Amino acid sequence: AGRASSAGESSYRRVAEQLRRSVWDRLVPAIGDAAEVFIVPDGTLNLVSFPALPAADGGYLADTRRRLHYLSAERDVIMKAPARSGGGLLVFGAPAFDHLPSVSRRATRRAAAAGGVTERMSRAARGAPFSCGTFAAMRFEPLPGSTLEIQQIVQHWDRASTQGGRESGPSAVSLSGSAASEADFKSMASGHRVVHIATHGFFLGDECGSGEAGTQGSRQPSFDQITRENPLLLSGLALAGANRRDDAAYEENDGILTAQEIAVLDLRGTEWAVLSACDTGLGSLRAGEGVFGLKRAFELAGARTLVLSLWAVDDDATRQWMGALYRHRFIGGESTIEAVNAAGAEILRRRRSRGESTHPFYWAGYIAAGDWR
């Protein structure tokens, strides 16, 4: 922020080249001329976009012919076919964050209790960094790009169905505005081949579970205690009514879909779960156990492949990348590993030809993990 795009990219390349030499270059002799490389990252390497590492010739690894794909474990490379497969496409996007669900009112809003201070999500990004202390007052802004994105995705799906390609099948179901609610997602997510969510995402950070355990003299578990035991409560997605979450009673849907709530859904048979939002690949890092967040939640629910973001993504850039992804996958009939790598490379070439910034922020924020086929 506040820097010229060329200066920002130069600064990025200086740092990322050091990382490439420390990690990637050591593997190149063993990789040889392999066209497909499967990465099983550990620790903070889960947060690295390997296609965005600068290549020695001045480009990026995305410019090479290698296709990169992330796995949670080595065994995932020979993942068995699902016992049952879902059908059709379910798209949730452009939620009406200020929609007031039919829920009970609370006399006192948490935002007011916090002094009336509010922070607003940037219109240019599908998320923003914030802490557990400011989350109660966080307001989610509309995402114009997500409206165009879901329309574009449905068009690609319908075109593939009309052409009778291998990806053809049941028609798409698209929900937006007030219909893109937490309750509707929970009731409709199961049974679809592809589930796509275009909205704001969040990760509160491990520091939310690192404080003192409980209030002295209180028998009630503190937020710190709860999140240390269940880090899936630190990540989530904002759906319809998220800005009115203060008005929901404890047992009611509040428009905030946490990773914990996703983990108990039945998404067996879901081929793709695409989380088109900021920071959906982030989570609490556990030594030897990977990342506990939305990725782990959708895996536990049964989704075979996750498309996730590693940072706060630009709204319009995301729309373009997702359009390329679905076009390669459904109309072009490419595999997951081919479509994901082709989408990033296409956007990179497009920006380069237009003289636009080629900083990885605009084209390398999304990765795919899970089944590569």
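Everything numeric in this text was worked out from a predicted model, so none of it was measured. The first residue of the sequence shown is numbered 1, and numbering continues consecutively from there.
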Quiz item: Do the rings of Phe330 and Tyr326 sit parallel, tilted or perpendicular, given the 30° and 60° boundaries?
Solution: tilted
Exercise. Ignoring hydrogens and angles, tell me if any N or O in the side chain of Asp98 forms a donor-acceptor pair with the backbone of Asn243 under 3.5 Å.
Key: no
Self-check item: Test salt bridge (charged side-chain N to carboxylate O under 4.0 Å, His left out) applied to Arg352 - qualifying residues, sequence neighbours left out
Solution: Asp63
Quiz item: Going by the angle between their ring planes, with limits at 30° and 60°, are Phe135 and Phe202 parallel, tilted or perpendicular?
Solution: tilted
Quiz item: Are Ile153 and Trp157 side-chain neighbours, meaning at least one heavy-atom pair lies under 4.5 Å?
Solution: no
Exercise. Rounded to the nearest 0.5 Å, what's the gap from NE2 on His69 to CD on Glu338? Could you check?
Key: 12.0 Å
Quiz item: Just by distance, do the side chain of His192 and the backbone of Met188 share a donor-acceptor pair under 3.5 Å?
Solution: yes
Quiz item: Distance under 6.0 Å and angle within 45° of the ring axis: does Arg329 meet both against Trp272?
Solution: yes
Practice problem: Specify the closest pair of heavy atoms between Asp184 and Ser181, including all atoms of both residues, with the distance to one decimal. | Solution: OD2-OG, 2.9 Å
Self-check item: Listed once per pair and sorted, the salt bridge (Lys or Arg N to Asp or Glu O under 4.0 Å) pairs that draw on residues 26-38, sequence neighbours left out
Solution: Glu36-Arg67
Quiz item: So, the side chain of Thr64 versus the backbone of Leu61: is there a donor-acceptor pair under 3.5 Å, distance only?
Solution: yes
Exercise. Identify, with sequence neighbours excluded, every residue that meets side-chain contact (heavy atoms from CB on, under 4.5 Å) alongside Ser284.
Key: Phe203, Asp206, Pro231, Leu234, Arg286, Phe292
Practice problem: Before accepting this row, confirm whether a basic side-chain N of the pair Glu356/Arg351 lies closer than 4.0 Å to the acidic partner's carboxylate O. | Solution: yes
Quiz item: side-chain contact (heavy atoms from CB on, under 4.5 Å) with Ala242: which residues, sequence neighbours excluded?
Solution: Phe97, Phe140, Ala238, Ile256
Quiz item: With sequence neighbours excluded, what pairs up with Ile150 under the side-chain contact (heavy atoms from CB on, under 4.5 Å) test?
Solution: Val91, Ser174, Ser176, Ala198
Quiz prompt | Exercise: do Thr318 and Glu149 side chains pair donor with acceptor under 3.5 Å | solution = no
Quiz item: So, is the end of the Arg20 side chain (NZ or CZ) under 6.0 Å from the ring centre of Tyr60 and within 45° of the ring's axis?
Solution: no
Quiz prompt | side-chain hydrogen bond (donor to acceptor under 3.5 Å, both in side chains) contacts touching residues 259-269 (sequence neighbours left out) | solution = Arg84-Asp266, Lys186-Glu261, Asn230-Gln260, Thr258-Glu261, Asp266-Arg268
Quiz item: Has the side chain of Gln320 got a donor or acceptor atom that lies under 3.5 Å from a matching backbone atom of Ile347?
Solution: no
Quiz item: Who passes side chain to side chain donor-acceptor pair (under 3.5 Å) against Ser309, sequence neighbours left out?
Solution: Thr280
Quiz item: Arg66: what forms a salt bridge (charged side-chain N to carboxylate O under 4.0 Å, His left out) with it, not counting sequence neighbours?
Solution: none
Quiz item: Is any side-chain heavy atom of Leu282 less than 4.5 Å from a side-chain heavy atom of Val291?
Solution: no
Quiz prompt | Check: Gly86 main-chain N/O paired with Glu271 side-chain donor or acceptor under 3.5 Å | solution = no
Exercise. Could you pull out all residues at least two apart from Phe185 that satisfy ring-ring contact (aromatic ring centres under 6.0 Å, His included)?
Key: Phe92
Quiz item: Apart from Val40 itself, which Ile, Leu, Val, Met, Phe, Trp or Tyr residues share its cluster (side-chain heavy atoms under 4.5 Å, direct or through members)?
Solution: Phe38, Leu71, Val77, Ile78, Ile337, Trp372
Quiz item: Is there side-chain contact between Met322 and His156, with at least one heavy-atom pair below 4.5 Å?
Solution: no
Exercise. Measure the shortest side-chain to side-chain distance between Val340 and Tyr70 over non-hydrogen atoms and say whether it is less than 4.5 angstrom.
Key: no
Output side-chain donor-acceptor pairs under 3.5 Å for residues 294-302, partner residues at least two apart or in another chain, one line each.
| residue | atom | partner | partner atom | Å |
| --- | --- | --- | --- | --- |
| Lys295 | NZ | Ser72 | OG | 2.5 |
| Lys295 | NZ | Glu299 | OE2 | 2.9 |
| Arg296 | NH2 | Glu289 | O | 2.3 |
| Glu299 | OE2 | Ser72 | OG | 2.6 |

Quiz item: Do Trp363 and Arg350 have side chains that get closer than 4.5 Å, going by heavy atoms?
Solution: no
Quiz prompt | Contacts of Ala364 that satisfy side-chain contact (heavy atoms from CB on, under 4.5 Å) - sequence neighbours left out | solution = Ser49, Ala52, Trp311, Pro360
